[in-house]
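The residues of the chain are indexed from 1 along the displayed sequence. If you're wondering where the values come from, they're calculated on a predicted model, not measured in any experiment.
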Amino acid sequence: MSNKMFTLTVPVTFKKDGKDQTSFRRVGAVFENTRDNGEPFLSIKLDFPVAVTELVAFPPKADGDDGDVTE
């Protein structure tokens, strides 16, 4: 079984120096798994209940720090 992880985030748009910018706040993790028959599936684990309309997943950072993600 495969178990690839992605950091689940919520995009937050704000203005800085008069320009629109987006940061990404961590809200959980997504795990890519493979069933015994080879069929892939995703498992989503939220850090807390989330009331948003969009979630964005990124691979975890190389240093393992998956706190507040800004991309």
Contacts of Asn37 meeting side chain to side chain contact (heavy atoms under 4.5 Å, CB included) (sequence neighbours excluded), chain-then-number -> Arg35, Glu39
Asp20: which residues meet the salt bridge (charged side-chain N to carboxylate O under 4.0 Å, His left out) condition with it, sequence neighbours left out?
Lys15
Rounded to the nearest 0.5 Å, what's the gap from OG on Ser23 to NZ on Lys16? Could you check?
10.5 Å
Check whether any side-chain heavy atom of Phe31 lies under 4.5 Å from a side-chain heavy atom of Lys45, and answer yes or no.
yes
In the structure I gave you, are the side-chain heavy atoms of Val27 and Phe48 within less than 4.5 Å of one another anywhere?
yes
Same cluster or not: are Leu8 and Val12 linked, directly or through other Ile, Leu, Val, Met, Phe, Trp or Tyr residues, by side-chain heavy atoms under 4.5 angstrom apart?
no
Does some side-chain heavy atom of Pro40 sit less than 4.5 Å from a side-chain heavy atom of Asn33?
no
Rounded to the nearest 0.5 Å, what's the gap from CG on Leu46 to CZ on Arg26? Could you check?
10.0 Å
